[in-house]
Each structure stands twice: as structure tokens, then as C-alpha cells.
Asker: 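Here you go, one structure.
Whatever order the structure lists them in is the order used to number ligands and atoms, beginning at 1. Just so it is clear, the model here is predicted, and its values are computed rather than measured. Index from 1, following the sequence.
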Amino acid sequence: MSKLLIYGLTASTYVRTVRLLLEEIGAEYTLHSINIFNGENHAPEYLAKQPFGRVPTLDVDGELIYETAAITQYLDTVLANHKYSPAAPLHQARMRQIMGIIDSYLYPPAIGTIVIQSLIVPTQGGQTDVEKVNNAIAPVKTALEAIESLVTGNLYLLGSDITLVDFYLIPIFVYLAQTPAFATVTAQTPKLAAWWDTASQLPNVKKVCQ
Ligand SMILES: N[C@@H](CCC(=O)N[C@@H](CS)C(=O)NCC(=O)O)C(=O)O
């Protein structure tokens, strides 16, 4: 069995995505702290592993993999025989499509602006930039409504089985749901609201995303 080491910090949504998968699989792993709030992710030692200074990076017996989509698909293949990836080609495409929407269109305004401004800035003695938050609401709504239109599952996003894309969206919802903007950005996404009722109660979500 390979030794799995994740570089990152527990608060990171992308680290949580990888950890949710590993917990669901029941795999052993070690988390090596890289603190993105004090610049440790831009230290030369970490940039030698991940040139963009982002977390997570996975070390598998000395082989480094970064980019969460690559990490999760690798782990799903080697540890779970594709259990967390849909079999049907169209559902596979939907999974990659939603992951792409999250990476490109949801994460930046949802986490980078609304969550950082509403939850992090005040804890660091600053004041929420309300204008920035207001400007981020429309792109977040667009992204969530696009995901809503691709939801085909009646329990999880793509069916009755949990897949990698659920592990992608859960950590973002954990934070977004704590912000005052949540009701507004999810006003037109009833399927995601029902999904979140189920997903938020999963034991591994409580374990990893606290
Ligand atoms: N494309 C990367 C994105 C990872 C990412 O943005 N991680 C955030 C934490 S959730 C980060 O490292 N932020 C540090 C920074 O932007 O300096 C992936 O898929 O892994």
C-alpha cells in the first residue's frame, strides 16, 4: 500500500475535497500542514512541489501530484476502482463539466470574494467590503444555476451514488452556507438545496469540514 501524504491545510476547500474522498474510501493518509494564510505556500520549498503555491499537493511514495481533479481521479482509480466516478459517458462528462464550472466560475467569486470577505476578513480585524460581496453575487448565482441545470441525481448530484463532484461542491457549500449571501445565491436552485440537506449531514462532512 502506497504512503499518501497531503500538503495543505484543513480549512482549504480543495484539501477537503481530497480528504472527503480518502475518508469515504477509508484510506490512510497524513496531512502535512502548509499554511496559506502566512505565506508558507509561497516558500521556495513548497513552490518546488507546486509551482503555483496552491494546495493540495499529493505525495504518493515520492511522486507528486497537484490539481485536485487529477488527484481525486488518480485516487479513485487506484484505491476505489472508479467507484466515485459515474460509469455512463454522459455522466462522466457532466462530472467534469461541473468540476470545471466550480474551478473556473464558482470558486473565485464564492470563496475568493464572498466567503473571504464575509467570514475571514472580520476575524482578522478588517471590515467586509460590501461592494465586493454584492458584485460577486451575480457570478455565483450564474455558476450555481448552471450546476443546478446539470443535476441529474435524486440524492447526490449525479445519481443515487456519491461521486467526486459531490466532494467538490460540499466544501464550498460548507462555507457559503455560513454567509448572509447564501439565501440569495441559492434562491433559484431547489435541487441544490435538497442535495445540501442530504450532503451536509454525511458523517465524513462533519469530520472533515469543521
Ligand atoms: N487548481 C487548484 C486550485 C487549488 C486552490 O486554489 N487552493 C487554494 C486553497 S482552497 C489555495 O491554495 N490558495 C492559496 C493561494 O491562492 O495563494 C486545484 O485544483 O488544486
Asker: Among side-chain atoms of E24 and N204, is any donor-acceptor pair under 3.5 angstrom?
Answerer: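 Present: a donor and an acceptor within the cut-off.
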
Asker: Which heavy-atom pair separates Q210 from R16 by the least distance, and what is that distance?
Answerer: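 Between these two residues, the closest heavy atoms are O-NH2, 3.2 Å.
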
Asker: For residues L150 and I101, report the shortest heavy-atom separation together with the two atoms involved.
Answerer: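 Between these two residues, the closest heavy atoms are CD1-CD1, 3.8 Å.
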
Asker: If we count only N and O atoms by modelled type, under 3.5 Å, do the side chains of E63 and Y74 hold a donor and an acceptor together?
Answerer: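 Side chains of E63 and Y74: no pair found under 3.5 Å.
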
Asker: Check ligand 1 for close polar pairs with the protein: N or O on both sides, less than 3.5 Å.
Answerer:
{"unit_1": "ligand 1", "atom_1": "1 (N)", "unit_2": "E67", "atom_2": "OE1", "d": "2.9"}
{"unit_1": "ligand 1", "atom_1": "1 (N)", "unit_2": "E67", "atom_2": "OE2", "d": "3.1"}
{"unit_1": "ligand 1", "atom_1": "6 (O)", "unit_2": "R54", "atom_2": "NH1", "d": "2.8"}
{"unit_1": "ligand 1", "atom_1": "7 (N)", "unit_2": "V55", "atom_2": "O", "d": "2.9"}
{"unit_1": "ligand 1", "atom_1": "12 (O)", "unit_2": "V55", "atom_2": "N", "d": "2.8"}
{"unit_1": "ligand 1", "atom_1": "16 (O)", "unit_2": "R54", "atom_2": "NE", "d": "3.2"}
{"unit_1": "ligand 1", "atom_1": "17 (O)", "unit_2": "N41", "atom_2": "ND2", "d": "3.1"}
{"unit_1": "ligand 1", "atom_1": "19 (O)", "unit_2": "T68", "atom_2": "N", "d": "3.0"}
{"unit_1": "ligand 1", "atom_1": "19 (O)", "unit_2": "T68", "atom_2": "OG1", "d": "3.4"}
{"unit_1": "ligand 1", "atom_1": "20 (O)", "unit_2": "T68", "atom_2": "N", "d": "3.1"}
{"unit_1": "ligand 1", "atom_1": "20 (O)", "unit_2": "T68", "atom_2": "OG1", "d": "2.7"}

Asker: Report, as yes or no, whether the 6.0 Å neighbourhood of atom CZ on F182 holds more than 12 heavy atoms from other residues, nucleotides or ligands.
Answerer: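 Atom CZ in F182 is crowded, with more than 12 foreign heavy atoms closer than 6.0 Å.
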
Asker: Taking the six-membered ring for Trp, is the centroid-to-centroid distance between Y7 and Y66 below 6.0 Å?
Answerer: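 Aromatic pair excluded; centres sit 6.0 Å or further apart.
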
